Amino acid sequence: MGLGDITLISSPLLQVLQRLEMSLTTLRDTELQELGDLVTQKCLEHPFLFEGLWHMLEDIASCVSEPIPLSQLPLQGHEKDEVFDIINSIYDNSVALSNISLQLETIGKLVRFASSEEMAQMGEMEMAGGLDKDPLLPVHTYHEIIQSKPGKEQVSSMDTNINEGSTSEVANTSEPCESFNNLPQHLKGCVIYTCILFLGDYEFEEDTIIQLWIAVGFIRTRQEQLAERGQIYFGELCKLSIFQMSPTVSENYEPTYRVHKDVYELIKQHCPNEYAIMEEGGSNNVSPVTLHSTLLLGDKIGNFDMKIFERFYEAELLRTLKLQNECGRPIKYISHNLFVKLRFLRVLDLSSTEIKELPTSVCNLRHLRYLDVSSTRIRKLPESMSKLDKLETLKLKDCSDLVGLPNEMSKLINLQYLDLNGVHQLTSMPPRMGQLTNLHMLNRFIVGIEEGFGIEELKYMKKLGGSLCIEKMENVTKDQANEAQLGDKDAIHKLEFQWSSSQSKGEKEFNLIEPHRSIKQLKITRYGAESFPNWLSSNNFHQLTVIHLRNCNCTQLPNLGKLPFLKSLYMHEMYSLKEINHAFHGHFEKLEVLEMDGMPCLEKWTAIKEYDMPSLRELTIIDCPKLVTLPELINLKSLQHLRVILCPEIQSFLGERLSESLQSLTITKCAKLEEQCLKREGEWSNLIASIPEIWIAYQRIP
């Protein structure tokens, strides 16, 4: 390529940059001209680096020949941000010269894609609701943009015709592999990304993988529909058996999944260039075109070599960095330079390491959308994190040393998912959390006393859903109780109210905090008043199926029998309760599981009528040392499993009769009851003769 050609290159390039300036409005005309001159100068100095740019720039120039500002094209906000940062990185010479051509190509393809007729049609369809009618319409992703050129006969590395030239038998014989090869591009990209991040038998949850897809741009639709569209994608991949549910469940009882082993092997053999799997001690697979990378940490003995992170510096456009650290390698800190070099990261997963802090340079990750530091030794997040205003997901699960969150966390206005499960040393929330109006998940909120820390902050979080535990309920005042507006949050399905001590009262305040009628699970912990709020006995909670009462100081139970669909009731450590009567158990038409554990003052449990608890399958009574008699259990027509443990004063079952439906009976540490049963005399022999499985004093009775 001669000097004349180089001069020609600068003209369409400058035209592209001028079109970008019209939409971004951030670069002044003089700066833009200087940028054009800078690139031209670099072309003159290093022509060999730009050999492949001529046709690409010619295409770009033809796409933007009309004087239409990009702001009028369907170019999404995060793409504008990427283009802007890439331009700046060229302008301030902060990116290696060898990568400039790659970045210019990225700019060009973003522009060309945004101006394409196909994208315009997609925008029209979405405005007309067309995407809702056809939820599996192919949706283009960033990867497709940078890998394909409209009008050119070119095979994208994401357009993986994996069967062609494959030596793998599974490619031709496995039905899931065939389904994978026939997937539309948007789903194929999702599978490859999932496979690279969750290698082999590594399991993942649906919500996690959808959050990751959204973070890297695999799902393109309206902001409020991203999660819903992700659920559609996920369901389709499960339907095709590409994603398979594993037999185990996660700690929060959510199902887990893994990529089908044949699909995994297929993708591993034909991994696209923009992905890199790097093993500790292995060869360096990272290159300037790498966009997503997983670092596999082995089980080597000795200190971890921090220089391994320098291998990623070459991939200056890296979007995803995940550390897979199942063997517990002692990574204790992250280099400051890592976040200076890799400032285009969107996904960063440092979970299960031993890092105690994040470097303040994390503020350089202006495009970061997903950060997972779960199960680390972090004590406090840096205040500079408040600058990550594009962050959508922050996972701090099981950070047992974490004692505080950034004071200006309210600036993370795009935050949608904040996981604080298992963060037991956290004693307060940052101020003005109510400014995080985009939050969809906040599983813990600690009520404070001062302004900006109260329960009323919840009223602004109108999108909250899933599970929420409200701690330090003793700090709620009567004036604040109504302001939380929990009754308006119909997406919260699991709710826990927690006091610091069962000596706290709060009866009047609790009466004013009524959840939405769509609540499905309710837990009340260390509630100190003698009676529960009136709304707990309301028959309006038609979806409430699980109630857990723990360490509450009540002397009488609410009439939970009115709840029409209650299936499981757990009452633990109810130290002041003396009697259970018909006013409590009523009908319980749908109740299947009843468990009572730790009731040292319980003396009476009065009669169960014939039509009470018609669906009860499991009854467990544990640690009730003063309980002498049980009600007539023969009236429990559906009872299959009965457990009586640590109840030394119970001598017999009332009427010496049990339900004919009983399938198992367990009696442990109940001396008087065990003695009667082991004698096998009179009615006792007939009582237990029809029960298939009997355990008495840890011994199975034939």
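Computed from a predicted model, the values in this text were never measured in an experiment.
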Considering only heavy atoms from C-beta outward, does the side chain of [X] approach that of [Y] to under 4.5 Å?
X	Y	answer
Leu183	Val191	yes
Val423	Asp398	no
Thr606	Pro631	no
Ile580	Lys604	no
Phe565	Phe541	no
Asn482	Ile513	no

Pair Asn559-Ser537, side-chain hydrogen bond (donor to acceptor under 3.5 Å, both in side chains): steps then yes or no: CA-CA 5 Å; Asn559 190 350; Ser537 300; over 6 Å; no

Let me confirm one number: the [atom1]-[atom2] distance from [X] to [Y], rounded to the nearest 0.5 Å.
X	Y	atom1	atom2	answer
Leu468	Phe445	CG	CZ	9.0 Å
Leu591	Leu566	CG	CG	5.5 Å
Leu226	Ile210	CG	CD1	10.5 Å
Ile645	Asp597	CD1	CG	8.5 Å
Ile470	Leu458	CD1	CG	5.5 Å
Ile214	Thr393	CD1	OG1	7.5 Å

Just by distance, no angles: are the side chains of [X] and [Y] close enough, under 3.5 Å, to form a donor-acceptor pair?
X	Y	answer
Ser531	Glu507	yes
Ser241	His260	no
Lys463	Asn438	yes
Gln211	Trp213	no

Checking [X] side chain against [Y] main chain: does a donor-acceptor pair fall under 3.5 Å?
X	Y	answer
Glu674	Cys670	yes
Thr668	Ala697	no
Asn635	Ile608	yes
Glu457	Gly434	yes
Asn511	Asn534	yes
Ser374	Lys397	yes
Ser659	Leu636	yes
Asp612	Lys609	yes
Asn539	Lys562	no
Ser246	Thr256	yes

Any salt bridge (charged side-chain N to carboxylate O under 4.0 Å, His left out) pairs touching [range], not counting sequence neighbours?
range	answer
residues 574-584	none
residues 535-556	Arg550-Glu573
residues 465-478	Arg444-Glu471

Within the 6.0 Å centroid threshold, strictly below: His186 and Tyr233: yes

is_close_aromatic(Phe234, Tyr257), centroid dist under 6.0 Å: yes

Qualifying residues under side chain to side chain contact (heavy atoms under 4.5 Å, CB included), relative to Gln543, sequence neighbours excluded: Ser518, Lys520

Side chain to side chain contact (heavy atoms under 4.5 Å, CB included) involving Ser400 - partner list, sequence neighbours excluded: none

Over all atoms of both residues, closest heavy-atom pair of Ile519 and Lys494: CD1-N, 4.0 Å

Considering all heavy atoms, the nearest Arg526-Ser500 contact: NE-O, 3.5 Å

Could you tell me whether [X] atom [atom1] has more than 12 heavy atoms of other residues or ligands within 6.0 Å of it?
X	atom1	result
Glu228	CD	no
Lys523	NZ	yes
Tyr460	OH	no
Lys508	NZ	no
Gln425	CD	yes

Residues Glu496, Thr525; criterion side-chain hydrogen bond (donor to acceptor under 3.5 Å, both in side chains); working and verdict: CA-CA 8 Å; Glu496 179 178 359; Thr525 303; 3.0 Å; yes

With Tyr527 via ring pair (Phe, Tyr, Trp, His ring centres under 6.0 Å) - residues at least two apart: Trp499, Phe510, Phe532

Leu619 and its side chain to side chain contact (heavy atoms under 4.5 Å, CB included) partner, picked from Leu639, Leu662, Val644: Leu639

Check ion pair Glu618-Arg643 (N to O, under 4.0 angstrom): yes

Single hit among Asp419, Asp372, Asn421, Thr208 for side chain to side chain donor-acceptor pair (under 3.5 Å) with Lys395: Thr208

Lys322 to Tyr202 six-membered ring, cation-pi geometry met (6.0 Å, 45°): yes

Geometric cation-pi criterion Lys188 and Phe180, 6.0 Å radius, 45° cone: yes

